[in-house]
Amino acid sequence: MRYSQVLIPTMKEVPSEAEVISHQLMLRAGFIKKLTSGIYTYLPYGLAAIRRVENIVREEMNRAGAQELSMPMVQPADLWKESGRYEKYGPELLRFKDRHERESCLGPTHEEVITDIARKEMHSYRDLPVNLYQIQTKFRDEIRPRFGLMRGREFIMKDAYSFDVDDEAAEVSYRKMYDAYNRIFERCGLEFRCVEADSGAIGGSFSHEFMVLADTGEDTIAVCNECNWAANLEKAEVKMSDRRAGVEQREMVKVETPGKRKVQSVCEFLGIGPDQLVKTLVLLADGEPVAVMLRGDRELEEVKLKNYLGVTDIRPAEDKEIFDATGVPSGYLGPINSKTRLLADQEVPAMVNLTVGANEKNYHLQNVNFGRDFEVTEVADFRQLTKDDPCPSCGESIRLVEGIEVGHIFKLGTSYSESMNAYYQDRDGNERPLVMGCYGIGVSRVVAAAIEQNHDDNGIIFPVPLAPYQVTVLNLGLNDPEVSAAAERIYGQLNEAGFDTFIDDRDERPGIKFKDADLLGFPFRITVGKRFKEKAMVEIRCRQDGTTEDIGIDDLVSHISSKLAN
RNA sequence: CGGGGCGUAGCGCAGCCUGGUUAGCGCGCCUGCCUUGGGAGCAGGAGGUCGCAGGUUCGAAUCCUGCCGCCCCGACCA
């Protein structure tokens, strides 16, 4: 490709709309152009990078036995009503009516459509297993789109759906996708981890997320330093240690704590540590108030609570709502004489002589003990794992890292096939629901994540497999026929040798060409300029490690080949 | 949804508080000269419904009202 003929509008300055580095670089390098909030045009160079990812995904999906198809983006609401998600999905599902007043929506995902196909076309165990996938634009009306392609409203996704005769067979399909995903992200040249995850709105029993490690991930993941356990923090199980034995239970006392409402101020006032205090948080779960007891220095993990309660929406109550629900102003809540449904983190019953709110303004209770002074029947793991907790799998130390979710695989089971009547006949003539799995990859997000993970002050450092062009040739002698001819010859040779080659043949000064080459992230840069005149050599520079070498034209092809080989 | 901020040339911004000629600056763009291994220099030039609509005023980018768009933050707390 010739720079003189392609639209790659690079920018020196950082547009003020971009917060994270991948977004800034994608704008500066002319990958994308925003049309409106969360919706972008993919310009030629950005699209080329997306195609790289798509091709890898496609090859590996096909290799894993999946078949490509393409489903409609506009979907009838009836289908979503059948699965029950028309009500459940929330405002992320963009709904509208067509000219005949038919309710419709834009597909944020395609379980309904694929299940509709399955029930119409898969009637026999002989038809199974089947795995169908597509690579397609999705629309989700995100509350707050941000970070460019990282969380857009419109984005490119590969989604696959498997259908099997039973759980065991579905397990095999799931495993195939698990392996395929590992191959895909390895081939992309990305540093990633596969973690246990929450299955969220899609539903289902079990899921893994594929996370690209980067400093600005939207998720935090916990990783064991010893074994191979890893989990999304939302889901990461806290392993309990019993610490209760042998401590004397003191007599409960009521203390006045005027104006002390926050954990920190109560602790300072009473001269205790936050690990001796238990806070009582009030949340609204699908509108119903729920109180949760948690050690003072712990964080509530809302996803765990949400899953425990089986609700779709959860949020902290505001002060007024707290008072309405409990009759107590926030800051003085406790378990004794609580009027609200009360849950406790598993850690709380193991604590001794704890301090809690007295359910009375300006008073707390000290030396309160579970079993003696109060009971809670609903006890579970509600808190967030910390870096100081042991690995729930092997008990060794863990660390927390940031990750960008680029892939997610789910075992769906039969929830969709049952609600939508997708049954097949088994060998014995019995009707049985199809057992499903679904598997997503955020294709456009992979590009963003790759840049987030691979960049420096000068711009993008593309992993070779994702680079739109592996090598760029800088013609620094546009007005020098000898140099230009050499640059063109090299460009032709490399193309012929099968490299995706770019040539900067613009009438620009050298500095601009160097800067743009760095910004655009070509893995290799060949400079044809004065050194060619002097010594008949050109310079080849590796973007990744910054090494440069002078080399004769005839050695270029073999040199690049060997570089790319490792 | 709540809170905050911003909308002035392709990009980044100033001007607004305290209304008053042709609305500025840097980058980019066009023309010419010059320069040619890390975003050069000189000279000339093009490009603006100052987000939209209404209002106040002799006069509005500037003050007021409404609308639209964009960006950021948000439930560490009981």
Side-chain angles (χ1 to χ4, degrees), chain A residues 9-20 23-24 27-28 30 33-39 90-91 143-148 257 260-267 274 277-284 289-302 313-323 325-326 328-335 338 340 355-359 361 364 383-384 386 457-459 474-480 483-484 504 506-519 525-534 537-539 541 548 550:
Chain A
T10 59
M11 277 187 279
K12 192 150 60 172
E13 282 169 296
V14 181
S16 59
E17 71 185 62
E19 181 83 354
V20 300
H23 188 193
Q24 293 176 355
L27 290 170
R28 286 190 51 210
K33 187 78 191 167
K34 186 173 72 185
L35 181 61
T36 184
S37 179
I39 298 181
I143 304 173
R144 185 145 90 86
R146 54 181 136 182
F147 306 151
T257 49
K260 308 296 179 192
R261 300 175 51 212
K262 311 241 173 189
V263 169
Q264 197 190 341
S265 55
V266 171
C267 287
L277 180 140
V278 167
K279 58 189 176 187
T280 304
L281 314 177
V282 178
L283 296 100
L284 295 181
V290 176
V292 184
M293 299 178 69
L294 209 60
R295 206 173 89 178
D297 55 346
R298 300 302 193 190
E299 301 301 331
L300 176 67
E301 180 46 70
E302 287 186 19
D313 179 60
I314 203 160
R315 66 171 176 88
E318 284 161 26
D319 282 359
K320 184 178 177 301
E321 293 166 332
I322 292 173
F323 188 82
T326 64
V328 178
S330 82
Y332 305 98
L333 289 170
S338 170
T340 319
T355 298
V356 296
N359 281 333
K361 188 175 179 181
H364 279 76
R383 61 166 255 237
Q384 217 169 56
T386 73
D457 291 345
N458 293 315
L474 304 192
N475 178 357
L476 297 193
L478 209 73
N479 300 320
D480 184 326
V483 172
S484 283
D504 193 340
R506 294 174 302 172
D507 183 14
E508 293 288 357
R509 296 168 53 80
I512 290 178
K513 297 190 178 189
F514 286 128
K515 288 291 184 190
D516 277 340
D518 285 347
L519 178 61
R525 184 189 79 194
I526 294 165
T527 308
V528 188
K530 70 180 182 197
R531 234 162 281 174
F532 177 75
K533 294 281 280 186
E534 290 161 5
M537 303 279 267
V538 296
E539 179 194 271
R541 181 183 172 92
T548 63
D550 283 348

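Within every chain, numbering begins at 1; the chains are lettered A, B, ... in the order of the sequence lines, protein sequences first and strands thereafter.
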Undergrad: Just checking Leu333(A): base, sugar-phosphate only, or nothing, at a heavy-atom cut-off of under 4.0 Å?
TA: sugar-phosphate
Undergrad: When rounded to the nearest Å, what value does the distance between P atoms of rC11(B) and rC52(B) take?
TA: 15 Å
Undergrad: Looking at rC73(B), rG38(B), rC77(B), which one has an atom nearest to any side-chain atom of Arg146(A)?
TA: rC73(B)
Undergrad: Taking atom P in both rA53(B) and rC68(B), what distance in whole Å separates the two?
TA: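 Between the two P atoms, the distance is 15 Å.
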Undergrad: Using the P atom as the point on both nucleotides, what is the distance between rG15(B) and rG55(B), in whole Å?
TA: 29 Å
Undergrad: When all nucleic acid strands are considered with a 4.0 Å heavy-atom cut-off, which category describes Gly529(A): base, sugar-phosphate, or nothing?
TA: base
Undergrad: Can you tell me, in whole Å, how much space there is between the C1' of rA61(B) and that of rG44(B)?
TA: 29 Å
Undergrad: Do nucleotides 8-13 of chain B as a string where each nucleotide becomes B, S or -: B if the base has a protein heavy atom under 4.0 Å, S if just the sugar-phosphate does, - if no protein is that close.
TA: ---BSS
Undergrad: Taking rG10(B) as the reference, what is the distance to rC29(B) when you measure between their C1' atoms (whole Å, please)?
TA: 8 Å
Undergrad: Taking rC25(B) as the reference, what is the distance to rG20(B) when you measure between their C1' atoms (whole Å, please)?
TA: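 Per the computed distance, 22 Å lies between those C1' atoms.
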Undergrad: Distance check, C1' atoms only: rA60(B) and rU18(B), in whole angstrom units.
TA: 14 Å
Undergrad: Using the P atom as the point on both nucleotides, what is the distance between rG41(B) and rG37(B), in whole Å?
TA: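 Those two atoms are separated by 16 Å.
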Undergrad: Considering only side-chain heavy atoms of Asp516(A), which listed nucleotide, rG38(B), rG39(B), rG37(B), is closest?
TA: rG39(B)
Undergrad: Can you tell me which nucleotide in rU35(B), rG39(B), rG38(B) comes closest to the side chain of Arg509(A)?
TA: rU35(B)
Undergrad: Looking across every strand, which nucleic acid part, if any, lies under 4.0 Å from Arg383(A) by heavy atom: base, sugar-phosphate, or nothing?
TA: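 Answer is nothing: Arg383(A) stays at 4.0 Å or more from every strand.
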Undergrad: Starting at atom CG of Leu474(A), determine the distance to atom P of rG39(B), rounded to an integer number of angstrom.
TA: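 One finds 14 Å between P of rG39(B) and CG of Leu474(A), rounded.
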Undergrad: Is there a side-chain polar atom (N or O) of Lys34(A) under 4.0 Å from OP1 or OP2 of rC71(B)?
TA: yes
Undergrad: Rounded to whole Å, how long is the line connecting atom CG of Leu27(A) with atom C1' of rC71(B)?
TA: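 Leu27(A) atom CG is separated from rC71(B) atom C1' by 13 Å.
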